[in-house]
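In what follows, every heavy atom counts, from backbone to side chain, and hydrogens, waters and symmetry copies are set aside. Given the structure is predicted, the values throughout are model-derived calculations rather than measurements. Chain identifiers are assigned alphabetically (A, B, ...) following the order of the sequence lines, protein sequences preceding nucleic acid strands; residue numbering begins at 1 within each chain.
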Number of protein chains: 2
Amino acid sequence: MSLDHAILGFLRERPMSGYDLKTMCFDGRAAHFWTADQAQVYRTLDRLESRALVRSRTERQRSRPDRKIYSITDAGTSELDRWLRETPPPPPLRDPFLIRLRFADSLPSEDLIGLLRERRGALQTRLEALRERAAGGAHTATTPDRAALLERLTLDAAMADTRATIDWLDDSIELIEAESEQARELPPGTQRRLFAPPTAAEGAKR
Amino acid sequence: MSLDHAILGFLRERPMSGYDLKTMCFDGRAAHFWTADQAQVYRTLDRLESRALVRSRTERQRSRPDRKIYSITDAGTSELDRWLRETPPPPPLRDPFLIRLRFADSLPSEDLIGLLRERRGALQTRLEALRERAAGGAHTATTPDRAALLERLTLDAAMADTRATIDWLDDSIELIEAESEQARELPPGTQRRLFAPPTAAEGAKR
DNA sequence: CACAAGTATATGACGAGACATATATGTTAT
DNA sequence: ATAACATATATGTCTCGTCATATACTTGTG
C-alpha cells in the first residue's frame with residue numbers, strides 16, 4: 001500500500017511516466033526513504049489505473065520508445081488526502097544486522113569488532129552521500145515552500161537515523177573491547193568482574 | 001534468509017519448539033529487532049529440517065498437545081557461523097511514515113503537526129517499553145557473558161534509533177511551526193523571508 | 001454449563017517485493 | 001562493425017511475510 005501512495009504523491013506534483021518514477025523518484029529523490037523495483041512500479045501503475053486513481057496517455061516520441069504519461073485523477077487526489085491523515089502504529093523495527101550481532105558470540109572478538117567497524121564504514125559513506133544531497137537540495141532552509149521543507153525533513157530523518165546508528169556502533173565497539181580485555185585478565189573460572197556503567201550510551205536523555 | 005539464521009541462532013542456545021520460538025523469541029526477546037509470523041516459523045523449521053540444518057524429536061505431554069523439539073545440527077552450526085561473517089551492505093532505508101510526511105503539504109499545518117505529535121507519542125511509548133526491558137535484562141553491564149552483552153547491545157540499538165527519531169520529530173515540529181508562522185506574516189506574493197539556520201538539527205556532528 | 005484462553009502444530013491463500021528476461025530503438029564508445 | 005548503453009514498457013517466477021482457518025486438549029471464568 002505504501003508504494004501506491006508514494007506514486008500518487010509524486011504524480012500529484014506532476015504527471016510522469018513509469019520510467020520517470022523509477023529513475024527520478026525511487027532511484028533519486030525518494031531513495032533515502034523508499035525504493036521500488038522497476039517491475040513493481042509498472043504493475044502498481046496498472047493497478048492504480050484500473051482503480052481509476054490515475055489515468056494515462058501515450059506520448060509518441062521520434063527516435064525513442066513511446067512513453068505512457070500518468071496523471072492523478074480527482075479520485076486519486078482524494079484517496080491520497082484520506083491516506084495522509086491515517087496514523088498507523090510505527091511498524092516493528094527489523095534489522096538483519098542485529099540478528100547477526102545477537103548471535104555473533106561464537107566469533108572471535110577481533111572478527112566481531114571487524115564486523116561492527118565494517119558496518120560503521122558503510123554507514124559513514126551513506127551519511128556523507130546524504131549530506132551532499134542535503135547541501136544541494138532545493139530547500140536550503142530559505143524557501144517558504146512547504147513541500148521543499150518536508151522533502152528536507154525526510155533527508156534529516158535519514159541523516160539522524162544513520163548518525164544515531166554510527167554513534168551506537170562506536171559505543172558498542174568500545175564496550176566489546178572493554179569486555180574482551182576483561183575476559184583476558186580474568187580467565188574462565190575466575191568470576192570476579194570490573195565495574196562498567198549501564199552499557200554507557202544510555203544517559204539520562206529524554 | 002534472515003529468519004532462517006535467527007532460528008538457527010536461537011536453537012544453538014537451546015533446543016526449542018516452534019511454539020517456544022514464536023512466543024519467547026519473536027514475540028519476546030527478539031521483538032525489538034526481528035519479528036516473525038507463527039505460520040512462517042513453522043514453515044521455516046520444516047525447510048531447515050529438510051536441509052538438515054536442524055532435527056526434531058516429538059515430545060509427548062500428558063494433558064497437552066505434543067511438542068516438536070528442534071535442535072541445531074552440526075551442519076546448522078557451520079551454516080550459522082559462515083553466515084555470521086557475511087557483511088552485506090546495509091539495506092536501503094524504508095519508512096512509510098516518511099512517504100506520508102513527504103506528501104503532507106496538502107494538509108493544514110495543524111493536521112501536519114498533529115501527525116508528527118501522534119508519531120512522537122507512539123515512539124515515546126516504545127522507548128519506555130524498551131527501557132523497561134533493558135532495566136530488567138540479564139546483562140546489567142556486570143556479567144562477563146558475551147551473549148548477554150550482545151543481547152543488550154541490540155536493545156541499545158533499538159533505543160538509540162527510537163530516541164534519534166523522537167529528537168528528529170521534535171526538531172521537525174519546531175521547523176514547521178516556524179514556517180507556518182512565517183507564511184502567515186508573509187501572505188502569498190510577498191516573497192521576502194526570515195532567516196532560518198540550515199534546518200537546524202544538522203550541527204557539525206561527526 | 002458454556003465460553004474464552006492457553007498450548008501446540010499445520011495449511012491455504014494472498015500481497016509485496018526482488019530478480020530475470022523480453023522487446024524495440026537510437027546513440028555512443030571500442 | 002559491434003558492443004554497450006540509455007530510453008521505455010511488460011511479463012514470468014520466486015521468496016518472504018501476513019492473515020485466516022483448522023484441529024485438539026485443558027484450564028479458568030462467568
_Which nucleotide in dA8(C), dG17(D), dA18(C) has an atom nearest any side-chain atom of W34(B)_ = dG17(D)
*If you find the nucleotide of DNA chain C closest to R64(B) and the one closest to D46(B), which residue's nucleotide is nearer the 5' end?*
R64(B)
_M1(A) CE - dG17(C) C1' separation (whole Å)_ = 13 Å
*Are any of Y42(A)'s side-chain N or O atoms less than 4.0 Å away from OP1 or OP2 of dT9(D)?*
yes
_When you measure from the side-chain N and O atoms of K68(B) to the phosphate of dA10(C), is any distance below 4.0 Å, counting only OP1 and OP2?_
yes
*Contact nearer the 5' end of DNA chain C, comparing Q38(B) with R94(B)*: Q38(B)
*Separation of M24(A) atom CE from dA6(D) atom C1', in whole Å?*
15 Å
*Expressed in angstrom and rounded to an integer, what is the separation of F26(A) atom CZ from dA18(C) atom P?*
12 Å
*Using a cut-off of less than 4.0 Å, is there contact between a side-chain N or O of Y19(A) and OP1 or OP2 of dT9(D)?*
no
_Rounded to whole Å, please give me the gap between OH in Y70(A) and C1' in dA10(D)._
10 Å
*For S17(A), report the nucleic acid contact type (base, sugar-phosphate, nothing); a contact means any heavy atom under 4.0 Å.*
sugar-phosphate
_Spacing between E59(A) atom CD and dT25(C) atom P, to the nearest angstrom_ = 19 Å
*Protein-nucleotide distance (L45(B), atom CG; dT11(C), atom C1'), rounded to Å*: 15 Å
*Could you check which of dT9(C), dC16(D), dG17(D) has an atom nearest any side-chain atom of R47(B)?*
dC16(D)
*Whole angstrom is fine here: how far is it from CG in L3(A) over to P in dG17(C)?*
6 Å
_Less than 4.0 angstrom between a side-chain N/O of R67(A) and OP1 or OP2 of dA8(D), yes or no?_
yes
_Just so I know, are the side chains of S17(B) and Y70(B) near enough to count as touching, which here means a heavy-atom distance under 4.5 Å?_
no
*asked:* Looking at the base of dG12(D), is there any donor atom on it, or on the side chain of R43(A), that sits under 3.5 Å from an acceptor on the other one?
replied: yes
*Counting any heavy atom closer than 4.0 Å, what does A36(A) reach on the DNA or RNA strands: base, sugar-phosphate only, or nothing?*
nothing
*With heavy atoms under 4.0 Å as the rule, sort Q61(B) into base, sugar-phosphate or nothing.*
sugar-phosphate
*Given side chains that start at C-beta, do those of D20(B) and M24(B) come closer than 4.5 Å, heavy atoms only?*
yes
*Answer yes or no: is there an ion pair linking E79(A) with R82(A), defined by an N-O contact shorter than 4.0 Å?*
yes
*How long is the line joining CG of D37(B) and P of dA10(C), in whole Å?*
15 Å
_Over 12 non-hydrogen atoms of neighbours within 6.0 angstrom of CD in E132(A)_ = no
*Does R29(B) pair with E13(B) as a salt bridge, N-O distance under 4.0 Å?*
yes
_Shortest non-hydrogen contact between A158(A) and L93(B), atoms and distance_ = CB-CD1, 3.7 Å
_Presence of Q40(B) side-chain N/O under 4.0 Å of dC16(D) phosphate oxygens OP1/OP2_ = no
*asked:* Checking contacts here: which listed nucleotide (dT9(D), dA8(D), dG17(D)) is nearest the side-chain heavy atoms of P65(A)?
replied: dA8(D)
*Using a cut-off of 4.0 Å on non-hydrogen atoms, how would the nucleic acid contact of R60(B) be classed: base, sugar-phosphate, or nothing?*
nothing
